[in-house]
Amino acid sequence: MKMSRLKEMKNNSFPKVTMEEWVEQAEKALKGKPVSKLNTATYEGIIRKPVYTENDKNDQAPKQLIDQANWAVSQQLYASTSFEELNAQMKMELESGLQFIHFATYPSTEPNALIINDQTALKELFSDISMNDIALQVHAGASATTFINALIDSGMETKNLQGIIGADPVGELAATGRLSQPLEQYYDEMKSNIEWKENNAPHLKTIWVQSNAYHNGGANAVHELAAVMATAVEYLQQLMNRGLTIGEASQEIAFTFPVGSDFFMELSKLRAARVLWTNIVEAFGGDEKAQKMTVHATTSMFTKSNLDPYVNMLRSTTEAFSAAIGGADSINVESFQQGNDAFSRRIARNTHYILKEESFLDKVVDPAAGSYYVENLTNQLADEAWKLFQELDKLGGIVEALRINFLQERITEVKEKRLKDVQSRKKVLVGTNMFANLQEELKWQISTQPIEKNEHAPVKVQAISSLRLSEAFESLRYQAKVYQEKQGTPPKVTLINLGSLATHKARTDFASGFFQVGGLQPVLSPSFEDAKEIVEWVSEQNINGYVCICGSDDTYEEFLNAAVVAVNSPNRKVLVAGLLEAGRHKELQEIGVSDFIHIRSNCYEQLVKIHQEMGLTDNEA
């Protein structure tokens, strides 16, 4: 009986449903609205549909470009008090699962770059660590020559050294807006470094194209892909002009992509990068070996916040997940505190092993392959990035596109849209622009380093300044913190609650959250049933400053006007929670309401105004 039942279950299948039938049912659920209402536009200008089917597949079968599931565990070293300390840290981390020693070094202008410009510093850093037993990822900014010279002078054995000691002068130019010598000179150095490595460290790569400047400047995935490919093509052409074959030149280049919070977009970005690189190298006449791409991924700094930093752990985990599914060869998971402490670095390192050992992400090669949605998104990204790449090429290449601000202007448009979405809370940053924790101890952190100006630099463009999405709300919270330290009490907003708890709770909770993300502490009144109670309570409590009235639409109809009159006075500013009709707005403003807060508000702009009127902007962090 059991066996026949099992056989019956195995033979059962769901009835096939056509797209038309699905649309019909979906529109019923949407109460007559078209299914297109479920479409969403991405920052790349790609329309995301609610359902993808076989019809969304590309006719051409995609090449299998990802050939392994596992990835190397990398973690960037930060500058410390001494190289001796960093050496001890590295040894401990190598014993605890670290596989790549990863850092930026002079002349890189990264804020965390290590100043290694001679053999003494290098020997201290690698004391008792054999170069033959480790893999390196060293980003040297515009030129790897200083670091390679220090390596030569140190006499360390490098024949079996694996990894990257890489330069990216164009990436450095985009990030800082300047280079200290002409590009031709950097390209000559690239050629010299390749000649050295062929005889002394044949397993190394010496060019490392970084997408960081574009990503951290607010670019979308299409901008990142096009800029990185245009940069790589610039290097290919320059190396081939200096006598290298396409096979030699293409295999000298490694790539870095920061991975942001849009899970499917970011994993598709890494897959699309391989498609583009394969097409480019093939167009240069490179064979299958020459087309192989080395991709390093790092969790994004752009998405991280100094506020409620434990949420950064979750952000980094999903970003690393995205990078692993997208087929990265190595991944750097940043520590959630964005610092050097052992605990947050250990958590970051262990994130890799949770994804590998508990989620088995290292067991399946390219698990997203065959997904109608992911394949479609990968193809769309590759197509759009190719169009932009061709535009850059027509302008004369990546350097010329940066010189005339073509790329910068495109990126600024998207950056401003991203920031507006965060400010209006259309894009939610937990702990930052939603669900703020006013009890947390705020640590002072420098968010970004100002870019130094050098009027005499031989190569100059407009720098793509890096930022983090959370910075605007962080500044509000830090201003409120300074005010609290000076005054001995946090800045407050009194919430006047109309009607029973059940009727005002929704807007009371909304208003509380709204003010908390600006560091303003909500003080809740009792639930009032009429305006007379409000007058008595307000005078007893000696309420001054900002008050916000919260209630349901029904209670607003009943006695909102009376409540406004009850609290309005020269020493108070009256706000109302809720999106009311325009005519009602005008009527309420005439009797003393200064503004309204609601889900369509630009939360940040309103909080800035409140901060200014409270005098908090005198306490800028």
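Residue numbers start at 1 and run along the sequence shown. Owing to the predicted nature of the structure, the values given are computational and were not obtained by experimental measurement. Every heavy atom of this structure was used, including side-chain atoms; hydrogens, water molecules and symmetry mates were not.
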**Study point:** Face-on cation placement of Arg418 at Tyr43 ring, 6.0 Å and 45° thresholds
**Key:** yes
Review point. Going through the distances and angles, do Thr617 and Gln612 end up as a side-chain hydrogen bond (donor to acceptor under 3.5 Å, both in side chains)?
Key: CA-CA 5 Å; Thr617 44; Gln612 285 168 344; 5.5 Å; no
Check your understanding: In Å and rounded to the nearest 0.5 Å, what is the OG1 to CH2 distance from Thr145 to Trp196?
Key -> 11.0 Å
Check your understanding: Is the shortest heavy-atom distance from the side chain of Ile331 to the side chain of Ser74 under 4.5 Å?
Key -> no
Review point. In Å, rounded to the nearest 0.5 Å, how long is the span from CG of Asp308 to OG of Ser470?
Key: 11.5 Å
Review point. In terms of side-chain geometry, is the basic nitrogen of Arg242 or Glu195 positioned less than 4.0 Å from the acidic oxygen of its partner?
Key: no
**Study point:** side chain to side chain contact (heavy atoms under 4.5 Å, CB included), paired with Ile165, selected from Leu151, Asn193, Ile207
**Key:** Leu151
Check your understanding: Ring centres of Tyr52 and Tyr372 under 6.0 Å apart?
Key -> no
Check your understanding: Quick one: CD on Glu384 to CG on Leu388, what's the gap to the nearest 0.5 Å?
Key -> 9.0 Å
Exercise for review: Start with the C-alpha distance between Met313 and Ile347, add both sets of side-chain angles, then the distance that settles side chain to side chain contact (heavy atoms under 4.5 Å, CB included), and finish with yes or no.
Suggested key: CA-CA 8 Å; Met313 280 193 215; Ile347 292 292; 3.7 Å; yes
Review point. Roughly how far, to the nearest 0.5 Å, is NE2 of His139 from NE2 of His296?
Key: 10.5 Å
Practice item. Give a yes or no on whether a salt bridge exists between Glu266 and Lys269, defined as a side-chain N under 4.0 angstrom from a carboxylate O. Key: yes
**Study point:** Test salt bridge (Lys or Arg N to Asp or Glu O under 4.0 Å) applied to Glu248 - qualifying residues, sequence neighbours left out
**Key:** none
Check your understanding: Can you say whether the rings of Trp208 and His102 are parallel (under 30°), tilted (30 to 60°) or perpendicular (over 60°)?
Key -> tilted
Exercise for review: Output yes when a side-chain donor or acceptor of Glu252 lies under 3.5 Å from a complementary backbone atom of Thr206, and no otherwise.
Suggested key: yes
Revision key, fill the gap. side-chain hydrogen bond (donor to acceptor under 3.5 Å, both in side chains) test vs Lys292 passes for just one of Thr278, Asp287, Asp67, namely Asp67
Review point. Salt bridge check: are Glu375 and Arg271 linked by an N-O gap of less than 4.0 Å?
Key: yes
**Study point:** Exam field: side chain Glu172 to backbone Thr109, donor-acceptor pair closer than 3.5 Å
**Key:** yes
Exercise for review: Verify side chain to side chain contact (heavy atoms under 4.5 Å, CB included) between Phe284 and Val233, making sure each step is shown before the conclusion.
Suggested key: CA-CA 10 Å; Phe284 273 100; Val233 165; 4.2 Å; yes
Study note, to complete from the structure: Distance col, row Gln337:CD vs Asn306:CG, nearest 0.5 angstrom, shows 9.0 Å
Review point. Ignoring hydrogens and geometry, is there a side-chain-to-backbone donor-acceptor pair from Arg274 to Met293 under 3.5 Å?
Key: yes
Check your understanding: Do the numbers put Lys387 on top of the ring of Phe389, so that NZ or CZ is under 6.0 Å from the six-membered ring centre and no more than 45° off the axis?
Key -> no
Practice item. Could you pull out the closest heavy-atom pair between Glu44 and Ala221, with the gap in Å? Key: OE2-N, 2.9 Å
**Study point:** Single hit among Glu110, Gln137, Arg345 for side-chain hydrogen bond (donor to acceptor under 3.5 Å, both in side chains) with Gln76
**Key:** Glu110
Practice item. Anything under 30° is parallel, anything over 60° is perpendicular, the rest tilted; go ahead and classify Trp71 against His352. Key: tilted
Point to revise | Polar side-chain atom of Gln408 near backbone of Leu402 as donor-acceptor pair, under 3.5 Å | key: yes
Practice item. Give the C-alpha distance, both sets of side-chain angles, the deciding distance and a yes or no for side-chain hydrogen bond (donor to acceptor under 3.5 Å, both in side chains) between Thr298 and Asn332. Key: CA-CA 5 Å; Thr298 178; Asn332 166 53; 2.8 Å; yes
Exercise for review: Given side chain to side chain contact (heavy atoms under 4.5 Å, CB included), test Glu319 with Lys304 step by step and report yes or no.
Suggested key: CA-CA 11 Å; Glu319 289 164 6; Lys304 302 305 178 294; 2.5 Å; yes
Exercise for review: Start with the C-alpha gap between Cys603 and Phe473, add the side-chain angles, then the distance that decides, and say whether side chain to side chain contact (heavy atoms under 4.5 Å, CB included) holds.
Suggested key: CA-CA 10 Å; Cys603 177; Phe473 283 92; 4.1 Å; yes
